[in-house]
Amino acid sequence: PDDLRIQQLSVQVMPEFDDPRVLVIVQGRVAAADLPVTITFRLPNNAQINQMATVNMATAGATTATYQTQPDPADARWQLVSYSLDGAHFFYEYYYDPIVGSIDKEFTYTLSSYHAVEEASIEIQQPAAADDFRTAPAAASTRLDENLRLYYHRLEVGALDAGQEVSIGVSYHKSDPDPS
């Protein structure tokens, strides 16, 4: 990777939110004086990408970007997704299907950072009908989204080197097959 750095990276991992799979929503800000820049993300090789975008913070609007994908030559678990970022703020989302089990469910979410990150955090959403919800490592805090009536379990990741990975195990009991 080049010397592009991500100042802030916020990841929301939402199992069974509006789909039986896991929705991942990522927002962040690059530390780049010269825009546009090409930014690259590692996504699971079976991810279905919804969008890659630049966010205009003045209007809170997102401009969808055309992106390129290629298999990660260093690791078959990943695909590299790149696009031109014409502002400092980025947004992307994708679905993938790592969940194992039909009632006692578990999966591991792995963040593999292509670029160095100064400050990263991950929130795991607890599905509406789930109980015995756990993350490993344990979440540092939990908040309730009053609008959605869903709990989010937050882990502070901190700084990441380019190529560094962080994995979080998620497990819960959920007999209701409907998304949240």
Side-chain angles (χ1 to χ4, degrees), residues 1-99 107-125 145 147-148 150 152 154-168 179-180:
D2 51 32
D3 58 358
L4 180 66
R5 284 183 359 270
I6 295 174
Q7 286 179 325
Q8 191 171 8
L9 186 71
S10 299
V11 181
Q12 284 188 320
V13 180
M14 305 167 75
E16 300 183 75
F17 178 67
D18 59 355
D19 183 287
R21 299 171 294 172
V22 176
L23 171 61
V24 179
I25 299 175
V26 181
Q27 301 177 65
R29 174 182 169 81
V30 296
D34 296 325
L35 294 166
V37 295
T38 297
I39 192 162
T40 301
F41 300 102
R42 271 197 189 91
L43 273 59
N45 61 14
N46 61 345
Q48 175 196 333
I49 299 167
N50 283 2
Q51 69 173 318
M52 297 280 167
T54 300
V55 178
N56 179 328
M57 295 309 284
T59 64
T63 303
T64 302
T66 302
Y67 58 87
Q68 295 77 41
T69 64
Q70 68 180 51
D72 185 338
D75 190 330
R77 297 174 300 160
W78 307 105
Q79 61 180 313
L80 300 178
V81 183
S82 302
Y83 69 100
S84 179
L85 192 60
D86 58 7
H89 296 268
F90 59 85
F91 171 91
Y92 66 92
E93 61 181 33
Y94 65 90
Y95 287 94
Y96 79 124
D97 193 10
I99 299 173
F107 68 95
T108 299
Y109 171 75
T110 300
L111 171 64
S112 181
S113 187
Y114 188 80
H115 301 286
V117 178
E118 293 174 17
E119 187 64 41
S121 64
I122 300 173
E123 282 190 322
I124 314 285
Q125 176 221 288
D145 181 312
N147 294 328
L148 297 174
L150 294 171
Y152 289 83
R154 185 178 179 91
L155 293 97
E156 299 297 338
V157 175
L160 295 169
D161 294 329
Q164 186 174 349
E165 290 188 1
V166 174
S167 292
I168 299 168
S180 296

Checking Leu111 against Leu160 for the side chain to side chain contact (heavy atoms under 4.5 Å, CB included) test, could you report, in this order, the C-alpha distance in whole Å, the side-chain angles of both residues, the deciding distance, and whether it holds? CA-CA 10 Å; Leu111 171 64; Leu160 295 169; 3.8 Å; yes
By side-chain hydrogen bond (donor to acceptor under 3.5 Å, both in side chains), Gln79 pairs with (sequence neighbours left out) none
Is there side-chain contact between Thr40 and Leu4, with at least one heavy-atom pair below 4.5 Å? no
Heavy-atom side-chain proximity of Val81 to Thr69 below 4.5 angstrom: yes
Separation of Gln48 CD from Arg21 CZ (nearest 0.5 Å): 4.5 Å
Could you check Asp19, Leu23, Val24 and say which one makes a side chain to side chain contact (heavy atoms under 4.5 Å, CB included) with Met14? Leu23
Any chance you could measure Ser82, atom OG, to Phe41, atom CZ, to the nearest 0.5 Å? 9.0 Å
With sequence neighbours excluded, what pairs up with Glu119 under the salt bridge (Lys or Arg N to Asp or Glu O under 4.0 Å) test? none
Assess the pair Tyr92 and Tyr83: is the distance between their ring centroids shorter than 6.0 Å? no
Here the pair of heavy atoms bringing Pro20 nearest to Pro179 is N-CG, 4.3 Å
For the backbone of Gln27 and the side chain of His89, can you confirm whether one donor and one acceptor N or O come within less than 3.5 Å of each other? no
Where do Ala65 and Ser84 come nearest, in terms of heavy atoms and distance? CB-O, 4.4 Å
Main-chain N/O of Ala76 paired to Asn45 side chain as donor or acceptor, under 3.5 Å: yes
Test side chain to side chain contact (heavy atoms under 4.5 Å, CB included) applied to Val26 and Phe90, step by step: CA-CA 8 Å; Val26 181; Phe90 59 85; 4.2 Å; yes
Minimum heavy-atom separation for Ser167 and Thr108, please, with both atom names. CB-CG2, 3.8 Å
Is any side-chain heavy atom of Val157 less than 4.5 Å from a side-chain heavy atom of Leu9? no
With the side chain counted from C-beta on, respond yes when Tyr94 and Pro44 share a heavy-atom pair under 4.5 Å apart, and no when they do not. yes
At their closest point, which heavy atom of Asp72 faces which heavy atom of Ala74, and how far apart are they? OD1-N, 2.8 Å
Residues at least two apart in sequence or cross-chain that pass side-chain contact (heavy atoms from CB on, under 4.5 Å) with Ser121, listed by chain then number, are Ser10, Arg154, Glu156
Can you tell me how far apart CG (Leu35) and OG1 (Thr54) are? Round to the nearest 0.5 Å. 9.0 Å
Here the gap from Gln12 atom CD to Ile124 atom CD1, rounded to the nearest 0.5 Å, amounts to 10.0 Å
Does the side chain of Asp18 come within less than 4.5 Å of Tyr95's, by heavy atoms? yes
How far apart are the closest heavy atoms of Ala31 and Gln7, and which atoms are they? CB-CG, 3.4 Å
OG on Ser113 to CZ on Arg5, rounded to 0.5 Å: 12.0 Å
Could you tell me whether the side chain of Pro73 reaches within less than 4.5 Å of the side chain of Leu80, counting heavy atoms only? yes
Quick one: do Val22 and Tyr109 satisfy side chain to side chain contact (heavy atoms under 4.5 Å, CB included)? Show the steps, please. CA-CA 9 Å; Val22 176; Tyr109 171 75; 5.9 Å; no
Grab the two heavy atoms, one from Val117 and one from Ala120, that are nearest each other, plus how far apart they are. CG1-CB, 3.9 Å
For Arg29, the salt bridge (Lys or Arg N to Asp or Glu O under 4.0 Å) test, sequence neighbours excluded, returns none
For Thr63, all residues meeting side-chain contact (heavy atoms from CB on, under 4.5 Å), sequence neighbours excluded: none
Would the distance check show the side chain of Asp75 and the main-chain N or O of Trp78 forming a donor-acceptor pair, the cut-off being under 3.5 Å? no
Please tell me if the side chains of Gln51 and Glu93 come closer than 4.5 Å, counting only heavy atoms from C-beta onward. yes
Do the side chains of Glu16 and Ile99 get nearer than 4.5 Å, heavy atoms only? yes
Please round to the nearest 0.5 Å and tell me the distance separating atom CD of Gln125 and atom CG of Asp145. 8.5 Å
Taking salt bridge (Lys or Arg N to Asp or Glu O under 4.0 Å) as the test, write out the residues that go with Asp97, two or more places apart. none
